[in-house]
Amino acid sequence: MMSGFDDIPFFDEEPAPRKQPPATGGIAARAMAARDRQQRPDYLSGLNPEQAEAVESLDGPVLVLAGAGTGKTRVLTTRIAHILSTGRAFPSQILAVTFTNKAAREMKERVGVLVGHAVEGMPWLGTFHSIGVKLLRRHAELVGLRSDFTILDTDDVVRLIKQIIQAEGLDDKRWPAKQFAGMIDGWKNKDLDPAQIPEGDARAFANGKGRELYAAYQNRLRTLNACDFGDLLLHPIRMFRSNPDVLKEYHDKFRYILVDEYQDTNTAQYMWLRLLAQRAKGVPQNVCCVGDDDQSIYGWRGAEVDNILRFEKDFPGAKVIKLERNYRSTEHILGAAAHLIAHNEGRLGKTLFTERTDPDDEKVQVHAAWDSEEEARAVGEEIEQLQRKSHKLNDMAILVRASFQMREFEDRFVTLGLNYRVIGGPRFYERLEIRDAMAYFRLVCQPADDLAFERIVNTPKRGLGDTTIRTLHDYARARDVPMLAAATDIIETDELKAKARKGLFDVVADFRRWQSLLETTPHTELAEQILDESGYTAMWQNDKSAEAPGRLENLKELIRSMEAFESLRGFLEHVALVMDAEQNENLDAVSIMTLHSAKGLEFDTVFLPGWEEGLFPHQRALDEGGRSGLEEERRLAYVGITRAKHRCHIWFVSNRRIHGLWQSTLPSRFLDELPNTHVEVAETEQSYGGYGRGGYGQSRFDKADPFQNNYSTPGWKRAQQNRSDATRDNWGSRSGHAVERIGYGESGPRSRTIDGELVAKSTSTEPSRFTVGDRVFHMKFGNGNISAIEGNKLTIDFDKAGQKRVLDGFVEKA
DNA sequence: AAGTAAGCGATTTTT
DNA sequence: TCGCTTACTT
């Protein structure tokens with residue numbers, strides 16, 4: 001099994017240059033490769049021909065288009081194993097980049113399985129950011145940092161920006177720091193420094209001060225000796241650009257470069273990669289990017305699908321290998337997914353197939369429910385039924401478009417006593433008490449960390465209020481020293497009142513003591529000591545609120561998780577980069593998560609609720625992203641379906657409560673893009689369909705089996721268009737079934753269209769056709785009397801359902 | 001400094 | 001509508 005690995009040399013760091021393997025592409029190497037191919041080592045024998053080609057094409061640029069479930073990770077890990085076993089590179093000469101820590105971890109583990117002890121010898125396998133940190137710690141001085149720089153998270157960044165906005169004398173309510181943080185992030189994703197941002201962008205914020213503020217922010221980071229996440233990419237880029245000798249060093253070093261999830265790279269990551277990958281002319285670029293354009297779902301946070309689409313132009317002579325043989329899903333699931341994604345334009349074009357055909361495999365099921373409550377109830381029932389057939393809850397997942405959908409399922413599962421776990425959501429290291437504790441630790445390790453200082457200087461309360469902090473802040477800025485240092489000085493003066501001076505004196509003394517213990521005391525012990533002596537633990541012990549015990553528990557957990565690290569510093573770095581905490585694997589539970597966080601996972605049974613226009617595809621994606629927004633939504637749907645191994649159940653409801661108002665909804669257009677042959681509409685004995693749908697036109701989903709006939713005929717399409725327009729009008733007032741298209745009069749409501757498809761229409765504000773006291777009928781709640789009217793929103797006392805607020809388009813005069 | 005009142009926004013998320 | 005953040009009050 002381990003053939004060929006026993007004689008790999010291992011180095012923690014660089015081997016001596018003359019001991020390097022023969023140059024890639026050389027005759028010797030090719031001969032060796034040929035020999036290896038003949039021998040077909042064990043680790044290659046389990047691969048299909050395409051996978052094997054992806055693994056063995058070591059010379060020159062390679063793009064592996066790996067569809068969902070086609071063994072992408074296997075290819076990557078085996079390729080690394082192959083490089084090592086053929087002696088083409090030492091572990092430290094392979095650069096392997098992933099997006100998430102999870103992916104990096106998984107890759108490390110799997111390479112470990114293949115090559116045993118070599119994993120420790122792969123220092124350059126990690127996320128873009130962790131590799132960036134590694135580069136920066138080595139060359140910090142080249143970008144004006146010290147190598148012990150701190151990494152700020154989003155929360156720190158926002159607080160810092162807020163200070164800067166205030167310092168500029170701007171109103172921080174009119175110009176929210178959070179928004180500006182987002183803008184900076186966007187610029188950094190595009191590899192733009194303050195001088196390079198487009199004039200329009202610069203003007204868009206704070207009366208044209210955008211550029212200034214961005215520059216001020218960067219200056220502040222430098223004085224704080226700190227980086228935000230974007231800098232972890234940008235600083236290395238700048239460093240390479242202005243220090244060709246350093247870049248050359250890494251060119252020589254990295255003989256093979258591998259990139260996972262290439263479709264998710266943003267412009268900065270692309271530049272970073274290109275700098276490292278594009279060597280001198282004539283030298284083969286052994287870069288291998290793996291990705292799937294059909295699974296690009298992060299355009300909204302700066303990912304450029306274009307990077308993968310133009311790979312062949314960027315790397316001339318690139319070999320493109322498609323992996324289309326799927327090992328995960330049934331033919332129905334693949335067929336449904338393929339048909340759906342075929343509606344996108346600008347694809348590289350892959351079609352997944354499987355060799356397994358089992359007549360027992362069920363088709364993808366589409367279910368209709370009356371409202372979200374019934375949807376949750378029905379999914380709960382399905383889950384219980386599967387459970388009765390001894391399916392594991394761990395093998396089931398509910399994948400939602402937006403997190404507000406989760407609640408209904410959680411509520412239902414609580415009543416049923418069904419175990420579930422929510423993936424994503426608020427994370428351990430983002431909790432208040434954890435962040436406070438971390439601020440203490442940070443300040444001990446890095447006395448210049450003003451953000452940490454300000455966070456905890458008066459937590460617990462030490463009588464150091466706003467005025468004191470402001471005085472101290474100004475004092476520090478005037479002398480250009482960190483606040484902790486300023487505090488040390490200021491307590492010698494009489495700038496502060498006696499009470500504040502005493503409080504500050506104690507803080508300074510505490511930190512001085514903890515710092516002196518840093519090298520001598522074991523870090524977990526020191527951490528505990530810090531939390532105790534600072535009074536932080538006591539603060540929560542004295543807190544009577546319901547969450548206090550949980551917070552204390554979290555603090556204990558924090559200390560416990562430090563044990564795995566060698567030092568406080570090492571732990572801090574880990575937390576800055578790896579924000580996730582492990583889930584309890586032992587519990588058998590249904591997973592609930594967003595479609596985005598489901599990427600890369602697989603489940604036996606997948607439930608996809610909420611396939612309604614406006615929710616999925618999401619209205620905002622359409623409004624803000626137009627055609628490409630729609631296509632990204634479609635890719636999201638594709639990701640959702642392809643998570644399923646055996647069963648995929650899609651749901652949509654007719655009524656959903658959005659922002660507290662009940663709204664009638666239309667089945668998602670994606671449902672109509674699913675093929676007959678692999679999809680069936682599930683018979684449900686629920687209330688859906690039992691009601692008259694009063695003038696909303698026919699839908700194939702009104703009938704028991706809409707797939708029987710004409711759902712894709714122009715007639716159906718038109719019917720849906722009618723319904724769509726009619727319903728959208730209900731946001732304003734009802735205007736019948738007129739088909740409104742592009743080209744309204746100047747004064748009329750403006751619609752948005754995507755290639756002629758009507759996607760959104762602004763609300764109109766005509767006076768309501770109802771008056772208080774009217775007797776009305778609502779499809780969901782039945783009869784009732786109007787008790788109040790605000791614009792198009794009616795408050796109605798229903799005979800059975802009680803008081804509800806609904807939009808006037810959904811009721812009729814009774 | 002804490003507690004209430006008012007206001008705002010409401011996809012998706014990693015590092 | 002609801003839940004969270006911020007402002008104002010005591």
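Predicted model only: the values in this text are computed from it and were never measured.
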| What integer number of Å spans the P atoms of C:dT5 and B:dT12? |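 Nearest-Å result for C:dT5 against B:dT12 at atom P: 15 Å.
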| request: Between C:dC2 and B:dT13, how far apart are the C1' atoms? Round to whole Å, please. | output: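 To the nearest whole Å, 23 Å.
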| query | How far does CZ of A:F571 sit from CG of A:L558, to the nearest 0.5 angstrom? | reply |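 Atom-to-atom, A:F571:CZ and A:L558:CG are 4.5 Å apart.
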| task | State the CD1-CG distance between A:I131 and A:L136, to the nearest 0.5 angstrom. | result |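 One finds 12.0 Å between CD1 of A:I131 and CG of A:L136.
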Atom-to-atom span, [atom1] of [X] to [atom2] of [N] - whole angstrom:
X	N	atom1	atom2	answer
A:D623	B:dA10	CG	P	14 Å
A:R657	B:dA10	CZ	P	18 Å
A:L661	C:dC2	CG	C1'	12 Å

Please write out the pairs of protein N or O atoms and N or O atoms of nucleotides 7-9 of chain B separated by less than 3.5 Å, giving the distance to one decimal.
none

| field | Distance flag, aromatic centroids of A:W272 and A:Y270, threshold under 6.0 Å | value |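 No - the distance between ring centres of A:Y270 and A:W272 does not fall below the 6.0 Å cut-off.
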| Validation row, ring centre A:H596 to ring centre A:W300 under 6.0 Å |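 A:H596 vs A:W300: aromatic centres under 6.0 Å.
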| message | So that I can tick it off, tell me whether A:D506 and A:R462 are bridged by a salt bridge, with the cut-off set at under 4.0 angstrom between side-chain N and carboxylate O. | response |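 Answer for the salt bridge query: no.
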| Would you call A:D153 and A:R159 a salt bridge, using N to O less than 4.0 angstrom? |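 Answer for the salt bridge query: no.
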| Any chance CZ of A:R407 has more than 12 other-residue heavy atoms, nucleotides or ligands included, within less than 6.0 Å? |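 Atom CZ in A:R407 is not crowded, with 12 or fewer foreign heavy atoms closer than 6.0 Å.
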| task | Could you tell me which residues satisfy salt bridge (charged side-chain N to carboxylate O under 4.0 Å, His left out) with A:K190, sequence neighbours excluded, listed by chain and number? | result |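 With neighbours one apart ignored, the set is empty.
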| query | Listed by chain and number, what are the salt bridge (charged side-chain N to carboxylate O under 4.0 Å, His left out) partners of A:E602, not counting sequence neighbours? | reply |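 Salt bridge (charged side-chain N to carboxylate O under 4.0 Å, His left out) list for A:E602, sorted by chain: A:R328, A:K645.
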Please tabulate, for the side chains in residues 229-237 of chain A, all donor-acceptor contacts under 3.5 angstrom to protein atoms that are two or more places apart in sequence or on a different chain.
unit_1: A:D231; atom_1: OD1; unit_2: A:K188; atom_2: NZ; d: 2.8
unit_1: A:D231; atom_1: OD2; unit_2: A:K188; atom_2: NZ; d: 3.4
unit_1: A:D231; atom_1: OD2; unit_2: A:D228; atom_2: N; d: 3.4

| message | Need to verify one output field. Residue with the more 5' nearest nucleotide on DNA chain B, A:L577 or A:G660? | response |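 Whichever sits nearer the 5' end wins; that is A:G660.
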| query | How is A:A576 classified with respect to the nucleic acid when contacts are heavy atoms under 4.0 Å: base, sugar-phosphate, or nothing? | reply |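 Result for A:A576 = nothing.
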| task | Could you check whether the rings of A:F565 and A:H574 sit parallel, tilted or perpendicular, using 30° and 60° as the cut-offs? | result |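 Geometry flag for A:H574 against A:F565: tilted rings.
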What N/O pairs connect the protein and nucleotides 12-14 of chain B at under 3.5 Å? Give each pair on its own line.
unit_1: B:dT12; atom_1: OP1; unit_2: A:S403; atom_2: N; d: 2.7
unit_1: B:dT12; atom_1: OP1; unit_2: A:S403; atom_2: OG; d: 2.2
unit_1: B:dT12; atom_1: O4'; unit_2: A:R401; atom_2: NH2; d: 3.2
unit_1: B:dT12; atom_1: O2; unit_2: A:W300; atom_2: NE1; d: 3.4
unit_1: B:dT12; atom_1: O2; unit_2: A:R401; atom_2: NH2; d: 2.7
unit_1: B:dT13; atom_1: OP1; unit_2: A:T594; atom_2: OG1; d: 2.6
unit_1: B:dT13; atom_1: O4'; unit_2: A:R301; atom_2: NH1; d: 3.4
unit_1: B:dT14; atom_1: O4'; unit_2: A:R301; atom_2: NH1; d: 3.4

If you restrict it to nitrogen or oxygen atoms, what contacts under 3.5 Å exist between nucleotides 3-7 of chain C and the protein, and what is each distance?
unit_1: C:dG3; atom_1: OP1; unit_2: A:R407; atom_2: NH1; d: 2.9
unit_1: C:dG3; atom_1: OP1; unit_2: A:R407; atom_2: NH2; d: 3.4

